[in-house]
Amino acid sequence: MQLSLSLLVGAAALVAPVFAQTWTTCNPMNETCPNDPALGISHNFVFNTSETVTNSFNITAGSLVYGTNGTEFTINKKGDSPTIQSQFYIFWGSVSVVMKAASGQGIISSIVLESDDLDEVDWEFLGGNGTHAETNYFGKGNTTSYDRAIYYPSGSDNRENFHNYTVHWTSDQLQWYIDSNLVRTLPYAAAYNGYNYPQTPMTVRLGIWAGGDSENSNGTIEWAGGLTDYSKGPYTMVVQSAQINDFSTGSAYQWTDKTGSFSSIKAIAGNSTAAETIVKAETPTLSLAQKWSNLPSTTKIAVYAGSGGAAAILLAALTFVCIRQRRAGRKEREDYNAKVEKEREEAFRDQMELREKGLGGWDKGAFEKQGEDALGGWGDPRRSHVPQGYVTDEPTLPKLPSNVMVKEVPSRVNSPAITRSVSPISRHQTPFIVNPVPQSPRGWNGGNQGGMIQDAGNAYSGGYGGNTNFSNNFSRSPSFPLGGSVSPQRGPSNSGYQRF
Ligand SMILES: *[C@@H]1O[C@H](CO)[C@@H](O)[C@H](O)[C@H]1NC(C)=O
Ligand SMILES: *[C@@H]1O[C@H](CO)[C@@H](O)[C@H](O)[C@H]1NC(C)=O
Ligand SMILES: *[C@@H]1O[C@H](CO)[C@@H](O)[C@H](O)[C@H]1NC(C)=O
Ligand SMILES: *[C@@H]1O[C@H](CO)[C@@H](O)[C@H](O)[C@H]1NC(C)=O
Ligand SMILES: *[C@@H]1O[C@H](CO)[C@@H](O)[C@H](O)[C@H]1NC(C)=O
Ligand SMILES: *[C@@H]1O[C@H](CO)[C@@H](O)[C@H](O)[C@H]1NC(C)=O
Ligand SMILES: *[C@@H]1O[C@H](CO)[C@@H](O)[C@H](O)[C@H]1NC(C)=O
Ligand SMILES: *[C@@H]1O[C@H](CO)[C@@H](O)[C@H](O)[C@H]1NC(C)=O
Ligand SMILES: *[C@@H]1O[C@H](CO)[C@@H](O)[C@H](O)[C@H]1NC(C)=O
C-alpha cells in the first residue's frame, strides 16, 4: 500500500507523531520489485545548496534549510521529522557523512543505509548525549533481538562539532569509523552466520525525529533518553557533506530471486542515471568563447595553423586531464569516467563548431589512417597526435570539480571508448578486470586499521540491549519517520507509531 507523500505529511501533521521505524516500498523477498537504480560512482555530496539534495535525494518528510555551512534538519514542533533518502542505491560501498547531531532530550539524529528487504546499517545520535554515537545493524528486517546496538565515544561533543561518520561495507565486513578511527568491525559470519548480514543494495537516508515523543512506547522513549520537550527547541541536525562510494557499477541492481542473498543481486550494465544527473549538475556550461579562451595558447596556435585539426587538439587536451590526474596519484586513475565521456562528446561538438568558424576541424585523413585514435583515444604514443612538448604542459581545459572523487574499480564496463580515454595509465599497470558484480575492494585505506575493535568489543552495548525489563514492548530504535510507505513494519505493533 502506498500513500502519497502529501497525504502522509498532512497526516503526520494532524496525528503526529507518526513514525515508521524503517520502511520499504517493495520487499523483494516477498514480491517482484523494480530494479534499484545504481549510483555506480563515488561522489562527494556537498550539502551547501538545495540542488545537492533535490538532484539526488527524495525528501521523504518535512522540509530542510540550506546554508553554505550545511543543510539543516530541524524539529520545530511535535510531528516534525525532516528526512531524505537517496534516489540511488549502492551495492557494497562506503558512506562518510560529515555532520553535527541535534541536541535535545529524546531527539534522534540519524544516518541509515536501508535496503529493499530491510537490511540496515545505522548511526544514531541521542540529543541528550553528546559524548557517544550509536552504531547498529539489521538483516532482512530481523528484529528478534535488540543486542546489536553499540555506543562509541565520538571525541568532542557531537552536537557542537562536526564529525565524519563513516560506514565501510563489503561482503567481508562492515566497519564504522568516527573521523579516522575505526570503532567497530562486524565480520560477515558474526551476523547470524551471514544470513542477517546487511548484503543487498542500500539507499542512504538522513534524518531527525523525536524518539522521546510522548506518544512513543516507553521503551522507545527510554532508549531515546527521555521525553522530548518541544518548547526547548528548535532542535537542529546539520549535514555538511556525504561522500558516497558505490563499489559496484552499472545502471541498476536487480534482485534475481527472493533469497535476499548478495549472490542473487545482479548489476545491470549501463549508464547510471544518478551519476549522469550529478555530472550534468556539476559541469559548468561554458560558452564556445570561454572554451576557446581556456585553451593553452600553444593549442590555439596549432589550431590556427590548422595542423592536425581541432578535434585532435581538443581531445589531446582531454587526454592531458588523465595525465594530470595520474600525477595526482594512483587513487585518481579512474577519474570520473562518465564526465570524461561527456566532455569527449562535447569536444566533438566543439570541434565541429570550430570548423564552421574556420578555426580547424575534422581531420578526415587522420581518422582514416588512425581510426579511433583520431577520436581522442590514447593510442600508440608513436603515432600520437600529441605534439612534442605538450606532455609537460598543464592545460586548463577542462577542469574537473575538486570534489569529484574516484572509484577503485572501473565504472564503465560497457564502453571500450571510455576505457580507452583513460588508458594512459592502464597501459602501464595491470589491465582492468571488469567485474561489476559483488566485490569487496580490500584496497580501501580508510584509516586506523591497527585500532580495530571487533564487534561486541569494549564499548557500551547498553541502551536497549540487555535490558529485559523493557525489551518486550520495546520498539527497536526506530530509525526513520514515516516516509513514502509503511510496509512492512518492523517491531511490535504496540510500540507507539501508527499504521496506515
Ligand atoms: C509476504 O506476503 C504475504 C502475503 O501477502 C504476507 O502474508 C507476508 O506477511 C509477507 N511477508 C513479508 C516479509 O512482507
Ligand atoms: C558548495 O561547495 C562546493 C564544494 O566545496 C563549492 O565549490 C561551492 O562553491 C559551494 N557553494 C556554495 C553556494 O557555497
Ligand atoms: C559558517 O561557519 C562559520 C565558521 O563556523 C561561521 O563563522 C559562519 O557564521 C557560518 N555561516 C553561516 C551562514 O552560518
Ligand atoms: C524518489 O521519488 C520518486 C518520485 O516520487 C520515486 O519514483 C522514486 O522511487 C523515489 N526513490 C526512492 C529510492 O525511493
Ligand atoms: C552517553 O552514552 C554512554 C553510552 O551509552 C553512557 O555511558 C553515558 O553515560 C551517556 N552520557 C550521558 C550524559 O547520558
Ligand atoms: C533472526 O535472528 C536471530 C538471531 O539473532 C535468529 O535466531 C532468528 O532465527 C532470525 N529470524 C529469522 C526470521 O531469520
Ligand atoms: C571521512 O572519513 C573517511 C574514513 O576515515 C575518509 O576516507 C574520508 O576522507 C573522511 N572525509 C572527510 C571529509 O574528512
Ligand atoms: C509507560 O510509563 C508510564 C510512566 O512510567 C506508565 O504510566 C505507563 O503505564 C507505561 N506504559 C506502558 C505501555 O508500559
Ligand atoms: C551510455 O552513455 C553513452 C553516452 O552518453 C551512450 O553512447 C551509450 O549508448 C549509453 N549506454 C547505454 C547502455 O545506454
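Read the numbers this way: they start at 1 and go in the same order the structure lists the ligands and their atoms.
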Heavy-atom contacts with Thr166 under 4.0 Å: which atoms of ligand 7 show up? List them by number with element.
->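 What qualifies from ligand 7 is 1 (C), 2 (O), 3 (C), 4 (C).
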Atom indices of ligand 7, in the order listed, that fall short of 4.0 Å to a heavy atom of Asp179 | 2 (O), 5 (O)
Asp213 and Lys78 ion-paired at < 4.0 Å = yes
Looking at Tyr188, Phe262, Tyr253, Phe247, which hits ring-ring contact (aromatic ring centres under 6.0 Å, His included) with Trp92?
-> Phe262
Would you check if Tyr89 and Met202 make a side-chain contact, meaning some heavy-atom pair closer than 4.5 Å?
-> no
Do Leu113 and Trp123 come within less than 4.5 Å of each other through their side chains, counting heavy atoms only?
-> no
Is Asp179 reaching over with its side chain to a backbone N or O of His163, donor-acceptor style, under 3.5 angstrom?
-> no
For [X], give me all partners under side-chain contact (heavy atoms from CB on, under 4.5 Å), at least two apart in sequence or on another chain.
X      : answer
Pro234 : Thr74, Asn76
Thr273 : Thr277
Thr131 : Asn129

Taking only heavy atoms of Asn196 into account, list the atoms of ligand 6 that are under 4.0 Å away from them.
->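 So the answer, numbered in order with elements, is 1 (C), 2 (O).
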Below 4.0 angstrom from a heavy atom of Thr144, which ligand 6 atoms are there? Numbered from 1 as shown, please.
-> 1 (C), 2 (O), 3 (C)
Under 4.0 Å from ligand 4, counting heavy atoms only: the protein residues, by chain and number |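 Around ligand 4, where the cutoff is 4.0 Å for heavy atoms, the contacting residues are Asn58, Gln85, Ser86, Gln87.
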Mind telling me whether Phe88 and Phe45 have parallel, tilted or perpendicular rings, with 30° and 60° as the class edges?
-> parallel
Looking at ligand 6, does any of its N/O atoms fall within less than 3.5 Å of an N/O of Tyr195?
->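 N/O-N/O distance under 3.5 Å: no.
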Check whether any N or O atom of Tyr192, backbone or side chain, sits under 3.5 Å from an N or O atom of ligand 6, and answer yes or no.
-> yes
N/O to N/O below 3.5 Å, does that happen between Asn164 and ligand 7?
-> yes
